[in-house]
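Some notes on the structure that comes next.
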Amino acid sequence: AGDLIAVLDPWRPIAARWRTRGRRRVRHRDLRGLFVTSSQARARARDRLHDVLVPRRAGSRAPAPSAPDEARPLISSPAVWGTFLIAGLAATAARTLPGSLDAGLTAGFHGGQLRPLSSDAAALWHSWWDGWVGSGLGVAGPGAPGSGILALLTWLFQALPGEAGPNPAGRVIGLLMMASLPLAALITYAAARVATERRLPRAVVALLWVVNPVAVAALAQGRLGPLAALVALPIVLAGVVSMTRPAVRPGVMAMTALATAGLATVLPGTLALAGALTLGLLLAGGRVARVRAIGFLPLVALAAAPTLLRLREQPAGLLSGWGGLASEATPPPWQLALLHAGPTTPDGSALAGPGDYRVWLAVPVLVLGVLGLARPTRRPGLAAASALIALGGLALALASPHLQVGTAADGTSLTPWPGIGLLVVVAGLLGAGLLAMDDPAPATGRVGHPVTPGSAWRVPAVVVAGLGG
């Protein structure tokens with residue numbers, strides 16, 4: 001009956017709307033319960049951080065009160081005490097750098113691959129931006145893409161309370177160098193959740209990621225690009241793995257693209273690695289992985305547009321970067337087999353032999369990687385991808401001393417630093433070891449294909465043979 005009356009009298013609702021024009025239908029205070037308050041947002045952020053550091057058991061919505069692994073406080077998480085441990089080791093290692101630690105954090109470190117730098121945010125920004133818009137003084141080309149990011153970080157540092165000093169850019173670089181290893185360990189611990197939620201394997205991999213010959217040499221020689229790779233490469237690899245899972249939000253693809261583009265500003269070769277990983281998703285991934293891989297490449301190309309434009313003018317820059325070149329002699333094969341790309345001290349001292357402790361820094365990485373590649377897992381696709389990543393990094397490390405990309409002022413040939421390829425090898429070996437520690441398959445790799453001892457050691461044998469030269 002009400003519908004019939006509304007049809008026969010259409011002017012009544014129109015008149016009602018006219019009488020209430022310009023009025024609020026609901027008062028603002030009555031809508032407060034529909035919106036999240038700032039205190040609730042902060043509480044949610046704390047809960048999410050706790051879940052990252054102390055993950056719940058797989059398949060459970062709430063932590064079990066009787067589970068000993070969940071009843072531990074946050075301070076017992078390896079992500080917390082491990083970060084402090086790595087920070088202490090980095091501070092101790094910094095004592096070997098030229099000058100005192102206080103002077104380096106005040107005026108900036110120099111020596112090795114680091115040149116003296118005295119600048120601020122405005123000067124760094126103009127060194128990058130004037131290459132695009134022109135300053136009227138004859139700029140030849142665009143500046144280094146990393147200068148823009150360094151300018152932004154320096155501007156944030158100068159905006160903090162306190163005195164920034166006469167060389168804020170040098171102080172920012174010094175702080176970034178000291179924070180690189182602890183931050184890399186923390187990020188690796190969190191990124192390893194894509195492979196396992198068990199805390200001990202993730203802690204072991206995070207520790208070995210920052211305590212290996214490549215990481216030690218990068219810090220000792222002041223190679224900013226490889227130090228940035230220690231921080232950002234786990235994000236890129238974890239993001240690519242996450243793109244293969246339908247339950248993961250598509251925003252992970254954008255985060256991975258931003259991390260890839262950011263790392264490419266200081267190590268342009270990251271774009272080649274991203275292209276190879278995307279090709280792997282297109283060839284061997286499922287439908288979701290293929291769709292996201294198709295969308296991933298345009299995002300990376302858009303975010304890394306300054307780097308791509310610079311590479312168009314200087315294609316050899318794909319094999320260089322900040323701290324990505326070397327002029328010293330090629331390390332002998334036995335050093336490459338132990339993941340040593342060169343001197344691990346600022347004075348350039350070579351390895352003394354088996355009695356030198358630096359010789360054995362890579363043994364845990366090699367043992368874990370070889371055992372991980374030899375042990376079948378329930379996820380053979382990821383294990384095979386880890387092996388291919390290690391082999392690709394090995395090929396780059398072996399070819400780097402033979403690729404001349406420039407000439408120094410004194411006429412010395414400049415080649416890509418082999419440590420970049422060895423860092424990719426370390427990533428592949430640790431990825432395989434992490435998978436093996438999580439869910440080893442007892443007897444078979446693929447369904448219906450038993451893994452024999454001969455076939456299990458095939459991939460590790462190739463890796464070891466290649467490292468041995």
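When reading the values below, keep in mind they use all heavy atoms of this one structure, side chains included, and skip hydrogens, waters and symmetry mates. Just so you know, residue 1 is the first one in the sequence shown, and it goes up from there.
The minimum heavy-atom distance linking Pro234 with Leu230 is given by the pair CD-O, 3.4 Å. Residues Leu124 and Ala169 share a closest heavy-atom pair of CD1-CB, 3.7 Å. Closest heavy-atom contact between Leu435 and Ala195: CD2-CB, 4.0 Å. Shown here for Gly393 and Val425, the closest heavy-atom pair between the two residues is C-CG2, 3.4 Å. Among all heavy-atom pairs drawn from Ser242 and Val194, the shortest one is OG-CG1, 3.3 Å. Taking all atoms of both residues into account, the shortest heavy-atom contact from Thr196 to Pro201 is CG2-CB, 4.4 Å.
With contacts defined as side-chain heavy-atom distances shorter than 4.5 Å, the pair Val288/Thr244 does not qualify. At a threshold of 4.5 Å between non-hydrogen side-chain atoms, the residues Pro401 and Pro418 count as touching. The closest side-chain heavy-atom distance from Ser400 to Trp417 is not below 4.5 Å. Taking the side chain as every heavy atom from C-beta outward, Leu233 and Trp209 approach each other to under 4.5 Å. When side chains are defined from C-beta on, Leu152 does not count as touching Phe157, because their heavy atoms never get closer than 4.5 Å. Using a 4.5 Å heavy-atom threshold, the side chains of Thr154 and Arg171 count as separate. Residues Leu368 and Leu430 form a side-chain contact, since some pair of their non-hydrogen atoms from C-beta on lies under 4.5 Å apart. Between Val231 and Leu227, the closest side-chain pair of non-hydrogen atoms is not below 4.5 Å.
At least one donor-acceptor pair closer than 3.5 Å links the side chain of Gln158 to the backbone N or O of Ala121. With hydrogens and angles disregarded, a donor-acceptor distance shorter than 3.5 Å links the side chain of Arg223 to the backbone of Gly323. Proximity of a side-chain donor or acceptor of Arg310 to a complementary backbone N or O of Pro315 within less than 3.5 Å is not detected. Judged purely by atom type and a 3.5 angstrom limit, Arg202 uses its side chain to pair as donor or acceptor with the backbone of Tyr189.
Considering CZ of Arg198 and CE of Met437, their distance stands at 8.0 Å, rounded to 0.5 Å. Rounding to the nearest 0.5 Å places CG of Leu423 at 10.0 Å from CG of Leu339. To the nearest 0.5 Å, the span separating OG1 on Thr188 from CG on Leu434 amounts to 10.5 Å. Distance check, rounded to the nearest 0.5 Å: CG of Leu371 to CG of Leu366 gives 10.5 Å. Between Leu361 atom CG and Asn212 atom CG the span is 8.0 Å, to the nearest 0.5 Å. Distance CG/Leu394 to CG/Leu336: 9.0 Å, rounded to 0.5 Å.
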Which pairs would a plain distance check flag for residues 252-266, meaning a side-chain donor or acceptor within less than 3.5 Å of a matching protein atom at least two apart in sequence or in another chain?
from: Thr256; atom 1: OG1; to: Val252; atom 2: O; distance (Å): 2.8
from: Thr260; atom 1: OG1; to: Thr256; atom 2: O; distance (Å): 2.8
from: Thr265; atom 1: OG1; to: Gly262; atom 2: O; distance (Å): 2.5

Could you tabulate the donor-acceptor pairs under 3.5 Å formed by side-chain atoms of residues 267-282, not counting sequence neighbours?
from: Thr270; atom 1: OG1; to: Leu267; atom 2: O; distance (Å): 2.8
from: Thr278; atom 1: OG1; to: Ala274; atom 2: O; distance (Å): 2.7

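Applying the side chain to side chain contact (heavy atoms under 4.5 Å, CB included) rule to Gln404 yields the partners Thr407, Ser413; only residues at least two apart in sequence or on another chain are considered. Remark: Ala432 engages Leu373, Ser386 in a side chain to side chain contact (heavy atoms under 4.5 Å, CB included) (not counting sequence neighbours). Residues meeting the side chain to side chain contact (heavy atoms under 4.5 Å, CB included) test with Ala301, sequence neighbours left out: Leu308. By the side chain to side chain contact (heavy atoms under 4.5 Å, CB included) test, Ser38 is found to be paired with Arg42, residues two or more places apart in sequence or in another chain being considered.
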Taking it one step at a time, do Leu382 and Val241 satisfy side-chain contact (heavy atoms from CB on, under 4.5 Å)?
CA-CA 8 Å; Leu382 288 180; Val241 174; 4.1 Å; yes
